[in-house]
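All values derive from a computational prediction rather than experimental measurement. Order of the sequence lines fixes the chain letters, A, B, ..., with proteins taken first and strands second; residue numbering starts at 1 for each chain. Every heavy atom of this structure was used, including side-chain atoms; hydrogens, water molecules and symmetry mates were not.
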2 protein chains.
Amino acid sequence: MIRRYDYGTPLLTDAVVLSVEPEKGNPGGITVEDLKPGIRFTLPMTEETQLFGLGQAVRGIDKRGHIYRSWNTDDVLHTENKAALYGSHNFLLIVNPGDTLGLFLDDPGDIRWDLGATEENQIVITSLGGDVSLYLIQDRDPLTVCRAFRGLIGKSYIPPFWAFGYIQSRWGYAGEEDITKVVTEHRQKHIPMDGICLDIDYMDRFRDFTWNPKTVPDPAGMVKRLREKNVHVIPIIDAGIPVDENDPACADGLKNDTFVHREDGSLFQAAVWPGLCYFTDYLNTRCRNWFGDLYRPMLEAGVDGFWNDMNEPSLFYSRDGLEAAWKEIDSLKDRNLGQSEFWALKRAVDSLANNPEDYRAFWHDMDGQKVRHDRVHNLYGAGMTKAAMDGMHRFDPDRRFLLFTRSSYIGSHRYGGIWTGDNCAWWSHLKLNLQMLPGLSMCGYLFSGADLGGFNNDTTGDLVLRWLELGIFVPLMRNHAALGTREKDICRFSRWKDMRNIVTLRYALLPFLYSEFLKAVDSGTPLFMPLAFLYPGDTVACHTQDQVMLTEQCMIAPVYEQNAVGRHVYLPEDMLMLRMRSCTDMDACVMEKGAHFVPCALNEALLFIRKGYQIPLVMHDVESTVDLRAGLSFTMAGWKDAQPYELWEDDGEHVSAPVISRTLAPGRGADNRSGLLR
Amino acid sequence: MIRRYDYGTPLLTDAVVLSVEPEKGNPGGITVEDLKPGIRFTLPMTEETQLFGLGQAVRGIDKRGHIYRSWNTDDVLHTENKAALYGSHNFLLIVNPGDTLGLFLDDPGDIRWDLGATEENQIVITSLGGDVSLYLIQDRDPLTVCRAFRGLIGKSYIPPFWAFGYIQSRWGYAGEEDITKVVTEHRQKHIPMDGICLDIDYMDRFRDFTWNPKTVPDPAGMVKRLREKNVHVIPIIDAGIPVDENDPACADGLKNDTFVHREDGSLFQAAVWPGLCYFTDYLNTRCRNWFGDLYRPMLEAGVDGFWNDMNEPSLFYSRDGLEAAWKEIDSLKDRNLGQSEFWALKRAVDSLANNPEDYRAFWHDMDGQKVRHDRVHNLYGAGMTKAAMDGMHRFDPDRRFLLFTRSSYIGSHRYGGIWTGDNCAWWSHLKLNLQMLPGLSMCGYLFSGADLGGFNNDTTGDLVLRWLELGIFVPLMRNHAALGTREKDICRFSRWKDMRNIVTLRYALLPFLYSEFLKAVDSGTPLFMPLAFLYPGDTVACHTQDQVMLTEQCMIAPVYEQNAVGRHVYLPEDMLMLRMRSCTDMDACVMEKGAHFVPCALNEALLFIRKGYQIPLVMHDVESTVDLRAGLSFTMAGWKDAQPYELWEDDGEHVSAPVISRTLAPGRGADNRSGLLR
């Protein structure tokens with residue numbers, strides 16, 4: 001049963017799809033304080049309490065012991081002290097033995113989550129605005145609560161089948177010449193690939209919905225030529241529209257009044273990549289639809305995948321902010337610069353970007369209701385996601401498009417996927433990638449992924465290889481990198497053959513992964529979950545932070561340490577381990593419940609299968625998802641005497657395509673320590 | 001045998017104490033390239049090669065797979081991508097099966113160490129200046145090479161015995177009132193303590209060798225009053241002397257011409273905490289001695305411990321740099337600020353601190369030889385360390401003083417300890433603390449430690465507690481925190497009793513730790529070392545990055561993950577595990593060789609003892625090291641039928657104090673899984 005309690009004046013956020021009548025009074029077991037403004041919820045914990053959820057957030061799977069903040073932020077340094085990242089996913093799971101409380105704050109404003117950081121045994125959640133619909137779901141076990149929550153927020157976005165293929169990306173590919181070279185080299189080396197991203201470089205002066213005439217003189221031709229190689233082109237779209245009446249989008253937006261205003265009615269201006277920009281009011285249906293229709297010419301050119309960026313919105317500086325900074329700088333200059341003036345100068349410049357003042361400086365027209373931005377800040381990216389997907393579906397209602405976006409709020413999981421933003425080429429971010437998966441799954445973001453190999457900083461070959469060994473299990477599998485960093489597509493490394501072989505594993509696993517993805521969308525079961533969900537009586541399993549269940553059938557435990565020859569793995573029960581080097585080179589052995597050090601060479605990926613299960617694998621080389629669509633023969637990998645596997649498939653292209661389920665009979669399976677895959 | 005090869009014109013650095021004649025030609029197995037300027041050494045690796053050493057550096061114990069830089073840097077964010085920290089310790093150990101090469105670059109300039117990051121199987125070391133004495137030590141095993149290296153660089157500094165006690169510190173304690181309050185509360189709660197640090201707040205306007213007359217009106221009285229409570233006061237001293245002729249140190253330095261000059265003969269000025277400062281030429285004997293004598297009034301006031309800071313030197317901005325930045329800012333202001341101007345403004349301000357230009361702008365007079373700073377940059381902090389310790393010994397030649405410093409270069413390990421700088425309240429920095437210990441030990445920095453609980457960011461109670469559980473084994477055991485962060489002395493947490501109990505363990509272990517410290521100084525054996533040193537045939541042990549040998553007798557494996565109920569531990573042989581909750585509450589059990597998940601509650605610290613050993617413990621409460629000096633009775637903890645323990649002691653106060661060795665007979669010991677400590 002889902003209970004709802006309203007505080008203040010909650011806004012319509014599009015987060016939930018079920019209608020739940022608000023109850024009167026306050027929920028039991030929660031202390032509610034009216035802070036005027038703001039509202040605070042305090043809940044007790046015991047030493048045993050575990051906390052899960054919160055989606056896109058730093059640190060371990062168990063979120064206990066840190067202060068998080070819901071405030072979508074373009075922060076390039078995802079260190080463990082950070083409170084907020086790009087998305088706000090206000091769903092927290094409070095798990096006690098035999099009792100789980102799921103708590104969702106439908107409030108797109110600023111929220112603090114003190115999860116036992118200040119007081120060890122206390123959860124203190126503070127909504128600074130105080131306009132909240134609080135949803136509570138209580139049950140015996142976390143899986144039931146998760147499923148109920150996913151029912152509340154509606155079914156997750158399903159991308160086209162090809163989007164599950166390997167995607168290459170880099171900030172710096174200027175246009176057709178660059179990406180064709182990359183694609184050609186991948187094809188020559190038989191590295192499977194289904195998509196290639198274009199970052200802001202492809203645009204004309206970083207302007208949305210333009211192509212650089214020099215580097216992409218023939219967009220439709222480019223898209224067609226690459227599709228002939230079974231590669232989809234995925235251009236980026238940013239949130240801001242340049243302040244320039246010669247820019248068609250700007251001119252049209254001005255004509256139609258689709259940009260956000262300041263209180264005095266003037267247009268809000270802040271700089272992003274193209275310089276000063278206007279910002280579409282995605283929270284207004286008319287404006288949102290206007291923006292969505294801007295995608296049409298690119299769709300007509302054959303593009304069927306996009307990524308939306310800078311939509312927190314990220315602001316380098318606002319026009320007003322810069323003017324104020326100059327005033328401050330001028331006032332400093334006349335003084336003999338001492339310590340305090342120096343710090344003031346630094347502050348004046350450093351505080352320009354993403355300044356809270358700026359987020360209080362403009363207003364939305366939420367279909368008639370004027371709302372200041374900070375009150376609904378976390379909805380902005382979600383609005384852009386909806387704008388884009390609605391626009392695409394107006395262009396072709398039945399076609400599935402790829403869309404992933406940086407900023408999000410629960411609700412947008414129905415319209416697109418997310419990537420987890422600008423991580424670093426850090427081993428700790430490979431681990432963070434793993435640890436973030438269960439939270440994202442619980443919050444409905446099934447189609448998500450991190451930049452494999454790391455976005456910022458120069459990566460190394462071993463890090464890319466190890467990260468690919470996690471990436472093969474994650475729905476969005478993209479290798480992406482920042483401008484100026486070391487080239488890091490697979491072809492650039494001496495170990496490219498090992499990397500290639502790992503990518504072939506992705507395609508070997510893909511029918512299984514896709515089938516499980518469809519089931520997870522349908523049932524609301526998380527695709528990834530903490531071991532605690534399945535082994536509640538096993539204290540060690542419950543507190544294992546570096547292994548993750550991939551559905552109820554498998555467990556993943558990638559190596560995330562440099563110079564490691566393997567890793568420690570805790571098995572809560574006997575499991576069958578697949579040690580995989582390529583789609584045609586793998587072996588299996590049964591391992592006993594307990595703690596193990598599992599050797600794992602640089603060129604090996606591990607998958608652990610639970611008792612009673614077999615999973616289907618495609619044990620032959622393919623170079624794109626196109627080759628995975630017809631007449632596949634599966635090898636069943638797993639336990640002897642396993643139950644049959646229900647394979648879910650659809651045509652992978654159409655919204656209306658029916659899901660077809662078929663039963664795959666188990667193979668012989670393995671049942672001993674030395675058993676090869678049969 | 002130690003071989004030496006000279007390139008360019010090596011400078012006298014004081015790093016080595018043995019005279020080794022340079023060989024002619026180039027060493028075999030190393031490709032040497034003259035880059036004019038600069039020199040490059042290239043060495044091959046196999047897949048099996050492991051790399052250790054480099055002292056103060058980020059990442060794992062095995063340094064393979066990253067680019068490091070020798071360039072002493074005040075960097076407040078020790079993320080895993082960082083190349084340089086505060087100290088340059090140019091000793092690398094290249095370990096292959098049955099063959100270890102120790103390589104020391106005596107070159108205090110800028111050096112890059114590409115350790116298989118760019119090319120997986122290649123070490124590329126580039127000295128940008130090219131003035132290098134290259135020392136090579138080759139032998140079968142790493143321990144022998146380490147001992148030989150430590151013989152080359154001379155014996156490590158030994159602090160007074162009390163300095164091994166628990167030390168409380170915080171940037172923000174203004175003076176006597178603040179620290180007396182902290183000390184009193186610790187004593188009331190029976191939390192052992194031997195020292196308290198004063199950060200820059202105690203000074204008059206952040207000026208070296210001054211006391212704030214309001215907060216420390218009676219320095220000698222304060223020192224005396226705290227010593228009566230068995231607590232030593234440890235003030236901070238910074239590298240810069242304020243540009244102000246009314247400042248006595250400044251006036252005296254100007255009179256004696258002890259500050260560094262620019263090429264045109266004018267004095268170099270850059271801002272640090274007191275504003276614009278001059279910088280003592282620590283590389284000149286006369287100037288160094290001048291600075292060392294500035295400590296005398298504080299020594300006369302009874303101070304017997306100092307920490308030296310900001311001695312990379314850290315520069316907020318130089319006078320010239322700021323002028324140039326203003327010019328740049330002015331030129332931007334007149335333009336309609338677009339993207340590129342905005343980034344230029346940011347760059348102009350962000351690049352002021354620790355700017356390479358500034359390090360090229362001043363010169364040293366190395367006892368007659370004029371040398372531009374950048375060529376000897378990494379020697380600056382070491383010079384200040386020597387200045388301070390020499391000054392103290394001119395005051396009292398036979399007294400041992402506590403000195404630890406931030407910036408260092410091998411050689412300074414003979415004059416003082418180091419702390420590892422401004423870390424963060426991050427779990428990953430608890431792990432980094434552990435992982436840095438072996439490298440520091442190999443490079444002679446036996447008396448060292450990290451800020452327990454983390455310097456920057458707000459910490460949590462569980463992080464402090466877990467960090468203390470590592471800190472009890474580390475020679476410098478200091479709880480320190482940055483201004484503005486959460487108060488984090490033990491008394492501030494609900495779990496203060498658990499924390500107290502863990503600190504009592506430090507005192508229980510102290511006679512053993514001090515004895516082993518003296519032995520490590522004498523023999524050149526690292527106090528901490530990788531498992532690879534003792535288990536070269538065990539691949540898993542060799543690649544274990546989160547367990548460390550504490551001497552040849554013990555292994556430590558602290559819990560460094562939040563919300564953990566224990567951790568995975570790999571035992572390369574049967575070991576006896578001590579599970580310790582306080583100095584009087586611990587038990588022991590024998591654990592078999594192999595992988596284990598070891599439960600470890602928040603209030604427990606673990607110590608693993610190798611077969612055949614027992615170690616002495618003091619199993620009764622003491623409140624300071626004073627109580628550890630007389631008539632101690634030891635409880636022997638370890639294996640049944642162990643060898644006797646040789647306890648080394650001295651008076652802990654005097655340089656000339658003889659070391660007395662006595663044999664402690666083994667106790668009954670434990671020999672089974674459930675054995676209590678007997």
Side-chain angles (χ1 to χ4, degrees), chain A residues 50 59-60 62 64-67 77 79-81 116-120 271 273-276 316-317 322 326 329-330 333 337-339 342 345-346 349-350 352 424-428 456-458 460-463 494-495 539-540 542-543 545 561-566 568 570 594-597 599, chain B residues 50 59-60 62 64-67 77 79-81 116-120 271 273-276 316-317 322 326 329-330 333 337-339 342 345-346 349-350 352 424-428 456-458 460-463 494-495 539-540 542-543 545 561-566 568 570 594-597 599:
Chain A
Q50 291 199 276
R59 299 168 88 101
D62 186 339
R64 188 169 177 160
H66 188 51
I67 299 176
L77 214 63
T79 48
E80 63 177 270
N81 57 303
T118 303
E119 286 297 331
E120 193 181 327
W273 294 118
L276 282 176
F316 296 163
Y317 57 88
L322 191 61
W326 274 117
I329 290 169
D330 275 349
K333 197 182 172 251
L337 216 76
Q339 206 65 238
F342 167 72
L345 171 65
K346 263 192 88 65
V349 175
D350 290 347
L352 280 171
C424 293
W426 293 353
W427 291 84
S428 56
N456 290 302
N457 307 126
D458 290 334
T460 55
D462 54 348
L463 179 56
S494 57
R495 280 189 180 268
T539 309
V540 178
C542 285
H543 289 87
Q545 303 279 321
E561 298 275 0
Q562 193 167 32
N563 301 316
V565 293
H568 289 279
Y570 177 74
H596 298 264
F597 183 88
Chain B
Q50 290 197 278
R59 297 167 90 99
D62 186 338
R64 189 169 178 161
H66 188 52
I67 299 175
L77 214 63
T79 48
E80 63 175 90
N81 57 303
T118 303
E119 286 297 331
E120 192 181 325
W273 294 118
L276 283 176
F316 296 164
Y317 57 86
L322 191 60
W326 274 116
I329 290 169
D330 276 349
K333 199 186 169 244
L337 216 76
Q339 206 65 235
F342 166 72
L345 172 64
K346 261 192 88 65
V349 175
D350 290 347
L352 280 172
C424 294
W426 293 353
W427 291 83
S428 57
N456 290 302
N457 306 126
D458 290 333
T460 55
D462 54 347
L463 179 56
S494 57
R495 280 190 180 267
T539 310
V540 178
C542 285
H543 290 86
Q545 304 278 321
E561 299 275 0
Q562 193 167 32
N563 301 317
V565 294
H568 288 280
Y570 177 75
H596 298 263
F597 183 88

Visitor: Where on A:L352 is there a heavy atom nearer than 4.5 Å to chain B: the side chain, the backbone, both, or neither?
Guide: side chain
Visitor: At a 4.5 Å cut-off on heavy atoms, which part of B:P274 comes close to chain A: side chain, backbone, both, or neither?
Guide: backbone
Visitor: Contact between A:L77 and B:L77 at the side-chain level, heavy atoms closer than 4.5 Å - yes or no?
Guide: yes
Visitor: Sort out for me which of B:D458, B:L463, B:I67, B:T460 touches chain A most, counting heavy-atom pairs under 4.5 Å.
Guide: B:T460
Visitor: Do A:D462 side-chain atoms and B:G65 backbone N/O form a donor-acceptor pair below 3.5 Å?
Guide: no
Visitor: Mind checking the CG-CH2 spacing from B:L345 to A:W326? Nearest 0.5 Å is all I need.
Guide: 5.0 Å
Visitor: Most heavy-atom pairs under 4.5 angstrom with chain B, which of A:T539, A:N456, A:V349?
Guide: A:V349
Visitor: Is B:D350 close to A:D350 at the side-chain level, that is, under 4.5 Å between some pair of heavy atoms?
Guide: yes
Visitor: Among A:V565, A:N81, A:T118, A:D62, which residue forms the greatest number of heavy-atom pairs with chain B at distances under 4.5 Å?
Guide: A:N81
Visitor: Which word best sums up how the rings of A:Y317 and B:F342 line up, parallel for under 30°, tilted for 30 to 60°, or perpendicular for over 60°?
Guide: tilted
Visitor: Taking the inter-plane angle between the rings of A:H568 and B:H568 on a 0 to 90° scale, is it parallel (under 30°), tilted (30 to 60°) or perpendicular (over 60°)?
Guide: parallel
Visitor: With a 4.5 angstrom heavy-atom cut-off, which part of B:S428 approaches chain A: side chain, backbone, both or neither?
Guide: both
Visitor: To the closest 0.5 Å, what do you measure between NE2 (B:H596) and NE2 (A:H596)?
Guide: 12.0 Å
Visitor: Could you tell me whether the side chain of A:E120 and the main chain of B:G461 form a donor-acceptor pair under 3.5 Å?
Guide: no
Visitor: Ignoring hydrogens and angles, tell me if any N or O in the side chain of B:E561 forms a donor-acceptor pair with the backbone of A:Q545 under 3.5 Å.
Guide: no
Visitor: Does A:W427 form a side chain to side chain contact (heavy atoms under 4.5 Å, CB included) with B:R59? I'd like the steps, not just the answer.
Guide: CA-CA 9 Å; A:W427 291 84; B:R59 297 167 90 99; 3.4 Å; yes
